[in-house]
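Notes follow once the structure below has been shown.
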Protein chains: 2
Amino acid sequence: MKKSESTLHDVARKVGVSPRTVSRVVNGESGFSQATAERVQAAIEELGYRPNLLARSLITKRSNTIGLIGVSLTDPFFPEVAEGVQREARELGLTMFFATTNDEPDRLVAALDSMISRAVDGVIAFPVQADAGPLVQAANEGINLVIVHPAEPLPGINTISSDLAAGAIRAVDHLRSTGRSKIAYLGTSTRSPNKRAAGYLEAVGDEPRIVTSAPTAEGGLAGTREILSRWPNIDAIFAYNDIMALAAIQALEESGRSVPGDVAVVGFDNIELSAYVNPPLTTMDMDHVSLGAKSVRLLHSLIENPDKEPEHIVHPVELQVRRST
Amino acid sequence: MKKSESTLHDVARKVGVSPRTVSRVVNGESGFSQATAERVQAAIEELGYRPNLLARSLITKRSNTIGLIGVSLTDPFFPEVAEGVQREARELGLTMFFATTNDEPDRLVAALDSMISRAVDGVIAFPVQADAGPLVQAANEGINLVIVHPAEPLPGINTISSDLAAGAIRAVDHLRSTGRSKIAYLGTSTRSPNKRAAGYLEAVGDEPRIVTSAPTAEGGLAGTREILSRWPNIDAIFAYNDIMALAAIQALEESGRSVPGDVAVVGFDNIELSAYVNPPLTTMDMDHVSLGAKSVRLLHSLIENPDKEPEHIVHPVELQVRRST
DNA sequence: GCCGACTACGTCAACGTTGACGTAGTCAGG
DNA sequence: CCTGACTACGTCAACGTTGACGTAGTCGGC
């Protein structure tokens, strides 16, 4: 029962003009009378005509499409970034392709290939652990690319990074200002330079107390237990992310310590639920939604002006004080 | 420095064959010798040729593209569904368009139009509160469509629904089996028939205790306070979703009640964090990732066989017992 | 009453593919 | 040695648009 798709030709035939004239009306160009415009519009309504954007893109070399590549939507903060990307893309009239890689290099390459072959105007990527090589190569071949949170500096590529070191310093300073002095860092080991750890080290000054483990809830539980066995009298934990911080609170209470009575906890990310757990978590807010929106605006400016010099935007991180400190 | 995209013609010229032969090699058709295939492959590598999928789709009428339309990625469980959709789509060789609507009818229509104009092979939608009218109309025009969690039954449309009533009954039975008898339902008011409430009513038998409020953390706090003021001696709360359940725990502890000591709490959704809050939340697991995967498989079967009778798949809901009960 | 500018169209080719169909050459079988 | 089947290609048109360019008609000014 499929209504066969109608084309410019069908509309043109119905109205009695050439397809080119219908095209002009559809695209709001000039060169037609008010009267024909109205007849064309009526025919469009009646036939349920929709422009075929594939055909249009084939000739205009613009698809008004962008691609977003991330690791996984089961990560706690990527959905917020993606939502920001989606909202801003919509504002700019861009439709979005989406792919996740699970940090597998093959999937990154496949996703990128698929999007390029579909003539995206640009790509936003979060490669995280995976090798950014294919992305850099694509950018060198002329693909408009923005990398969010690159693992290492990429001078020739447009990037957006959150100011993690400043955030870590702010977090430690906050713990200090509430009278804590024995502050541990519940971190995670990465190949790349860890800016949170660097900020912690800079701010904590005296002897550092660092434990690393996986950036997951399980990792947070294990890491916290290790912290407690090595330094039983700490009075604060600064965690790599909110998930680990929430796990830390759980481990602390299991060990008979109260939060924030005995030990204060600060997270990093400000995922939505951090406001509603017990106690609500003090954390560093990265405003992921606007981070996503900002990356689309950067990509858009790149699309409009491809020869622009690469930018390296730093996105601020703000302290969100709640009851865990 | 953009390497100009090379086409079948470029490869063909380089090898000294016709574009049609290159096309045959690229698509793994028959009708070429091993020797030419190798020369073509070499030329493809050297030129960095990528097929232009827009041109291909324009003539084959297949884009190997699907669209996913949801409300918002800041909803707690939609990201998991989207991840499931993405993973299964990848397995089936489908690339995904993505859009969110924030429950605004205009945005639903715009997203759908954009995808159809880009020749998607099919669409998966979560309209939630918004009017499903435009979706139904698209389906009637021949767009392959799967609606996940439709607000009301749609006989002519392919749908996947979670078995919410059975889940609610299971939740109440579980509370009963742990010795609770005064069980309140912290619900939310919807225009559409609420299957969770229906299940609760069926299972609870005696006098129901129902309060409705917004399906958010704020709503959960307010609703729980109302429950406590109306029935101070309840011993269990069954919540509409995990967010409300977590808020309920918070409100209960603020009121001096312990969970699960004084009041047991059961949620609905099993969002990831429910396992890591304190106490970990007993909840109904909908396995959103596989729900998403299942919807892609249904859509795919529809694409392969568009004249198939509509299916109405019911996705099971399972009890996940943790420490809040 | 001729020129130039302007309006409102139309024509044609091209974007990069693939479907339909044609064909030269080879090879086995009778 | 002719026929028919098969292999390995090539040719042409079409998918639905838009860019480039052409043109008939109108109208104002001198």
Side-chain angles (χ1 to χ4, degrees), chain A residues 2-41 43-44 47-65 113-121, chain B residues 2-41 43-44 47-65 113-121:
Chain A
K2 180 163 188 165
K3 218 192 264 182
S4 63
E5 291 294 308
S6 43
T7 72
L8 279 185
H9 287 84
D10 301 325
V11 178
R13 199 174 320 121
K14 178 147 199 134
V15 178
V17 295
S18 77
R20 191 59 248 253
T21 296
V22 179
S23 168
R24 277 189 263 256
V25 174
V26 169
N27 291 306
E29 300 173 19
S30 60
F32 51 84
S33 67
Q34 183 63 26
T36 46
E38 278 161 16
R39 289 166 56 220
V40 166
Q41 285 297 356
I44 285 175
L47 294 174
Y49 166 77
R50 297 173 204 265
N52 182 323
L53 299 186
L54 301 190
R56 179 182 291 172
S57 299
L58 191 56
I59 147 160
T60 62
K61 307 289 177 199
R62 275 273 286 225
S63 61
N64 292 312
T65 301
D113 271 357
S114 155
M115 289 174 182
I116 296 173
S117 283
R118 286 184 170 82
V120 285
D121 293 335
Chain B
K2 180 163 187 165
K3 218 190 266 183
S4 63
E5 290 295 308
S6 44
T7 72
L8 279 184
H9 287 84
D10 301 324
V11 177
R13 199 174 319 119
K14 176 146 200 135
V15 178
V17 296
S18 77
R20 191 59 248 251
T21 295
V22 179
S23 167
R24 277 190 264 255
V25 174
V26 168
N27 293 305
E29 301 174 18
S30 60
F32 52 84
S33 68
Q34 183 64 26
T36 46
E38 278 160 16
R39 291 167 55 221
V40 166
Q41 285 296 357
I44 285 175
L47 294 174
Y49 166 76
R50 296 172 202 266
N52 182 323
L53 298 186
L54 302 190
R56 180 181 291 172
S57 299
L58 191 56
I59 149 161
T60 61
K61 307 290 179 199
R62 275 272 286 223
S63 62
N64 292 312
T65 299
D113 270 356
S114 156
M115 290 174 181
I116 295 173
S117 283
R118 287 184 171 82
V120 286
D121 293 335

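Naming: A, B, ... by sequence-line order, numbering from 1 per chain.
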Return the CZ to OG1 distance between A:Arg118 and A:Thr65, rounded to the nearest 0.5 Å. 11.0 Å
Reckon A:Pro51 touches a base, only the sugar-phosphate, or nothing at all at heavy-atom distances under 4.0 Å? sugar-phosphate
Output for pair (B:Gln41 CD, B:Tyr49 OH), nearest 0.5 Å, gives 11.0 Å
Atom CG of B:Leu8 to atom P of C:dT18: distance rounded to whole Å? 6 Å
Find the distance A:Tyr49:OH to D:dG16:C1' and express it as a whole number of Å. 8 Å
For a quick test of reading the model, state the closest non-hydrogen atom pair linking A:Val26 to A:Leu8 and the distance between them. CG2-CD2, 4.4 Å
Using a heavy-atom cut-off of under 4.0 Å over every strand shown, decide if B:Thr36 touches base, sugar-phosphate, or nothing. sugar-phosphate
B:Asn52 CG to C:dA14 P, straight-line distance once rounded to whole Å: 18 Å
Considering heavy-atom distances to DNA chain D, does B:Ala55 or B:Ala37 have its closest nucleotide positioned more toward the 5' end? B:Ala37
Straight-line distance of B:Leu54 CG to A:Lys61 NZ, nearest 0.5 Å: 9.0 Å
Indicate, with a heavy-atom threshold strictly under 4.0 Å, whether A:Arg62 touches base, sugar-phosphate, or nothing. nothing
At their closest point, which heavy atom of B:Ser57 faces which heavy atom of B:Ser63, and how far apart are they? OG-CA, 3.3 Å
Expressed as a whole number of angstroms, how long is the span from B:Ile116:CD1 to D:dG16:P? 16 Å
Taking 4.0 Å as the cut-off, does a side-chain nitrogen or oxygen of A:Ser18 come that near to OP1 or OP2 on C:dG10? yes
For a quick check, tell me whether the side chain of B:Arg20 and the base of C:dG19 share a donor-acceptor pair closer than 3.5 Å. yes
Return the value, rounded to whole Å, for the distance between atom CZ of B:Arg13 and atom C1' of C:dG16. 13 Å
Checking contacts here: which listed nucleotide (D:dC15, D:dT18, C:dT17) is nearest the side-chain heavy atoms of B:Lys61? D:dC15
Can you measure from CD1 (B:Ile116) to CD (A:Glu5) and round to the nearest 0.5 angstrom? 7.5 Å
Calculate the interatomic distance between A:Asp10 atom CG and D:dC15 atom C1'; express it in whole Å. 13 Å
Considering all heavy atoms of both residues, which atom of A:Asp121 and which atom of A:Arg62 are nearest to each other, and what is their separation? OD1-CA, 3.7 Å
Residues in residues 21-35 of chain B with a heavy atom under 4.0 Å of DNA chain C, by number, are B:Ser23, B:Asn27
If I take atom NE2 in residue A:His9 and atom P in nucleotide C:dT11, what distance separates them, rounded to the nearest angstrom? 11 Å
Which nucleotide wins on minimum distance to the side chain of B:Ile59, given the candidates C:dC15, D:dG10, C:dT18? C:dT18
How many Å lie between CG on B:Leu53 and C1' on C:dG16, as a whole number? 11 Å
